[in-house]
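Before any comments, here is the structure.
No experiment lies behind these values; they were computed from the predicted model shown. In what follows, every chain begins at residue 1, and chains take the letters A, B, ... in the order their sequences are listed.
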Number of protein chains: 2
Amino acid sequence: MDKVSRSPAMTDVARLAGVSHQTVSRVLNDHPNVKEQTRIRVRAAIAELGYRPNRAARALVTGRSQLIGVVARNSTLYGPASMLTEFEQAAADAGFAVSVGSVRELDRSSIASVVDRHLDQRVAGLVVIAQVATANEALAEIPGDVPVVFIDGDPGSGRPVVTVDQEAGAGAATRHLLEAGHSTVWHVSGPVDWFDSAGRIQGWRQTLQEAGAEVPPLLSADWSAAEGYRAGQMLARMPEVTAVFAANDHLALGVLRALHERGRRVPQDVSIVGFDDVPEAAFFIPPLTTVRQAFGDVARAALSLLLGQMRTEPDTARHIVVPPHLVVRDSVAPPA
Amino acid sequence: MDKVSRSPAMTDVARLAGVSHQTVSRVLNDHPNVKEQTRIRVRAAIAELGYRPNRAARALVTGRSQLIGVVARNSTLYGPASMLTEFEQAAADAGFAVSVGSVRELDRSSIASVVDRHLDQRVAGLVVIAQVATANEALAEIPGDVPVVFIDGDPGSGRPVVTVDQEAGAGAATRHLLEAGHSTVWHVSGPVDWFDSAGRIQGWRQTLQEAGAEVPPLLSADWSAAEGYRAGQMLARMPEVTAVFAANDHLALGVLRALHERGRRVPQDVSIVGFDDVPEAAFFIPPLTTVRQAFGDVARAALSLLLGQMRTEPDTARHIVVPPHLVVRDSVAPPA
DNA sequence: GCGGGGAATGTTATCGATCACATTCACCGT
DNA sequence: ACGGTGAATGTGATCGATAACATTCCCCGC
């Protein structure tokens with residue numbers, strides 16, 4: 001009579017608990033109007049049968065899934081990768097699963113196809129980690145009725161965005177160096193088309209100007225240690241350079257190495273501050289003073305914005321800015 | 001009469017095309033018994049309405065989702081991160097979405113909870129990226145009726161596993177150094193509890209033994225440049241060291257730096273080979289000879305094993321081994 | 001003691017697909 | 001001309017949950 005080990009459905013639970021399936025549903029959804037005793041009986045039946053609600057059935061009738069789609073660049077960079085895992089963690093805590101769609105480049109068509117795949121899955125919401133302006137165009141591809149949050153995106157896009165306060169972070173780094181007594185601070189930046197880079201450049205420049213310090217020429221690179229090394233080789237040759245702010249820790253590593261090769265000691269001859277606080281930053285030689293971004297906070301903020309949109313709440317906040325903070329180690333000292 | 005912009009369902013398409021919903025379903029699933037003319041009409045209706053099949057409804061009736069769950073360690077290491085994006089790509093091509101569940105440590109309870117979340121989502125299959133033996137215990141947590149494939153897992157576990165042939169890769173690296181004329185090769189390994197590390201150690205040792213070369217003591221580290229540097233400082237002090245095989249490129253980077261600081265030139269004084277071929281390896285100084293793992297092939301193999309299990313095919317292959325290959329650059333030369 | 005009201009529970013329709021099973025249709029051979 | 005056959009299409013049940021609505025139950029006040 002009974003099917004061989006079909007996974008139990010709500011009615012099975014109901015039968016065992018001696019109630020109707022609707023009551024089981026109410027217990028599952030924490031409806032108030034269920035007698036405590038019944039609730040306990042139902043819970044017991046659920047446990048006994050090892051019942052799991054069928055998400056597909058639920059999604060079918062409610063019209064929304066428990067899936068959040070993430071669009072991210074196919075990248076092994078520390079920032080994006082951390083972002084993804086932190087978001088997954090936060091979403092899991094809220095009962096959502098995360099479906100990733102990676103893309104090689106953040107251009108319009110790639111994003112469009114990934115977004116399409118996500119919509120196909122009927123995701124409840126979308127998170128786009130969009131560090132460059134070209135990703136903005138992809139906005140048009142996303143229908144208005146799907147909740148969307150951007151991380152690291154263009155604050156001026158009109159869509160909800162969560163960002164780290166790059167300017168504040170860069171400002172803190174720069175100020176830290178100035179306060180140590182350096183007359184000015186050089187900057188090795190990331191790719192200028194990244195919002196992150198732009199913000200850090202802006203924060204650095206503004207802090208120098210406010211302090212009345214001269215603004216040296218900008219050295220811009222990609223995010224790699226290799227380019228940091230290249231920039232470092234230039235800097236090492238110039239005796240007037242005593243303080244460097246690198247846009248990420250890998251760049252800083254490259255600079256560190258170049259300085260070392262030229263016999264310029266850190267921090268005695270040159271002070272340096274990085275950005276990111278990658279796990280190994282504390283093991284650089286010397287341990288690197290750097291700026292930590294609270295990826296976890298960003299992830300949670302993004303999630304809460306997304307959940308807010310799902311509940312069609314009036315968007316209280318459309319742009320959340322998470323402050324980074326300086327992690328002081330041993331790579332900064334007063335000038336000689 | 002008509003609801004405001006409810007997303008169209010199969011019956012809407014059917015009505016527009018002048019057929020029954022069942023015919024639409026047949027067109028969607030490429031059933032043979034549909035007249036070409038009808039098929040075209042239906043396709044046109046689908047396009048006109050911008051219809052997307054409701055996955056939830058489909059999943060409900062067929063009992064299987066189009067979701068594959070991936071369990072991976074919360075890591076920003078190059079290998080695991082690459083693996084994930086490559087797998088996502090492959091799965092997308094096959095019409096599957098990928099839900100990630102990351103975990104801080106590969107211990108029993110963490111894995112169990114992530115697996116549980118995935119089962120909750122009724123994933124069609126699971127991929128576990130399990131580089132360490134402790135992950136094995138989590139096997140017990142996974143019910144037998146859900147398809148599972150391990151990547152980098154224990155070949156002896158009895159479950160389908162896809163691995164890179166670490167021994168072959170390590171052998172190639174070691175042989176390359178021996179063939180350049182070095183009398184033996186030192187090895188800086190990764191954590192010994194990783195299967196990957198164990199395989200590389202084994203390949204290195206065996207190749208040396210077969211060549212009748214002496215096997216120097218093993219230097220084991222984690223995967224970081226910091227520990228590579230530490231190992232490098234030891235190696236740099238020993239003039240008899242002329243060839244080093246590092247278990248990954250970051251370790252190699254650390255070794256490189258240590259050697260450089262001690263004035264030992266690469267490759268003139270010491271030759272070195274890495275593993276992974278991270279994007280920046282070609283920009284190391286000197287450009288690093290290394291071993292590239294075909295993550296894409298691994299991902300595709302894992303997917304096909306998984307799809308095979310879903311079709312309940314007799315498991316033709318339970319263990320697929322993907323060969324890596326040596327990428328020769330400038331960090332190896334004959335001994336002085 | 002009876003009507004009222006809210007809490008607790010049950011009944012039935014519904015979501016949008018697939019599946020199993022009709023049914024219709026066209027064409028063929030005898 | 002007629003039955004047979006397979007292709008093309010349609011009909012109704014079904015999956016497992018939630019939602020809307022109906023019903024029962026209990027307690028309270030007058």
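Rounded to a whole Å, the CZ atom of A/R15 is 12 Å from the P atom of D/dG16. Atom CE of A/M10 and atom P of C/dT11 are 16 Å apart (whole Å). We find that CZ of B/R64 is positioned 13 Å from C1' of D/dC15, with the value rounded to whole Å. The distance between atom NE2 of A/H21 and atom P of C/dT12, rounded to the nearest whole Å, is 10 Å. If you measure from atom CZ of A/R55 to atom C1' of D/dT18, you get 15 Å, rounded to the nearest angstrom. Here the C1' atom of nucleotide C/dA7 and the NE2 atom of A/H31 are 13 Å apart, to the nearest Å. Distance, A/L60 CG to C/dT14 P: 14 Å, rounded to whole Å. The separation between A/Q121 atom CD and C/dA17 atom P is 14 Å, rounded to whole Å.
Sorted by first and then second residue, the pairs that involve residues 78-87 of chain A and meet side-chain hydrogen bond (donor to acceptor under 3.5 Å, both in side chains), not counting sequence neighbours, are A/T85-B/N74. Listed by first then second residue, pairs satisfying side-chain hydrogen bond (donor to acceptor under 3.5 Å, both in side chains) with a partner in residues 49-70 of chain B read A/D116-B/R52, A/D120-B/R52, A/D120-B/R55, not counting sequence neighbours.
Nucleic acid contact for A/S20: base, since at least one base atom lies under 4.0 Å from a heavy atom of the residue.
Of the listed nucleotides (C/dA17, D/dG10, C/dT14), D/dG10 has the atom at the smallest distance from the side chain of B/V19.
The CG atom of A/D152 sits 11.0 Å away from the CZ atom of A/R73 when rounded to the nearest 0.5 Å. Atoms CG and CD1, on B/L303 and B/I68 in that order, are 5.0 Å from each other to the nearest 0.5 Å. Separation of atoms CG (B/L305) and CZ (B/R159) is listed at 13.0 Å; rounding is to 0.5 Å. Atom CD of B/Q131 sits about 6.0 Å away from atom CG of B/L106, to the nearest 0.5 Å.
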Would you give me the side-chain donor-acceptor pairs under 3.5 Å for residues 32-45 of chain A, sequence neighbours excluded?
residue, atom, partner, partner atom, Å
A/R39, NH2, A/H31, O, 2.8
A/R41, NE, A/A17, O, 3.0
A/R41, NH2, A/A17, O, 3.4

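Side-chain nitrogen and oxygen atoms of B/T38 include at least one within less than 4.0 Å of the OP1 or OP2 phosphate oxygen of D/dT9. An OP1 or OP2 oxygen of D/dA17 is reached within less than 4.0 angstrom by no side-chain nitrogen or oxygen of A/S25. Between B/T62 and the phosphate of D/dC15, there is no side-chain N or O to OP1/OP2 separation shorter than 4.0 Å. Side-chain nitrogen and oxygen atoms of B/T11 include none within less than 4.0 Å of the OP1 or OP2 phosphate oxygen of C/dG16.
Between B/K35 and A/A56, the one whose closest nucleotide on DNA chain D sits nearer the 5' end is B/K35. Mapping A/N54 and B/G18 onto DNA chain D by nearest heavy atom places B/G18 at the nucleotide closer to the 5' end.
Defined by atom type and a distance below 3.5 Å, a donor-acceptor pair is present between the side-chain atoms of A/S102 and B/E88. There is no side-chain donor-acceptor pair under 3.5 Å between A/D165 and A/T163.
Of the possible donor and acceptor atoms, one in the side chain of A/D12 sits under 3.5 Å from a partner among the backbone N and O of A/A9. Remark: side-chain polar atoms of B/H118 are paired, donor with acceptor, to backbone N or O of B/S99 under 3.5 angstrom.
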Show each protein N/O and nucleotides 20-24 of chain C N/O combination with a separation under 3.5 Å, one pair to a line.
residue, atom, partner, partner atom, Å
C/dA20, N6, B/Q22, NE2, 3.4

Provide a list of protein-nucleic acid N or O atom pairs under 3.5 angstrom, restricted to nucleotides 5-7 of chain D.
none

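Taking a pair as Watson-Crick or G-U wobble with both distances under 3.5 Å, the runs of three or more consecutive pairs in DNA chain D are C:1-30 with D:1-30.
With a 4.5 Å cut-off on side-chain heavy atoms, B/L126 and B/V115 count as touching.
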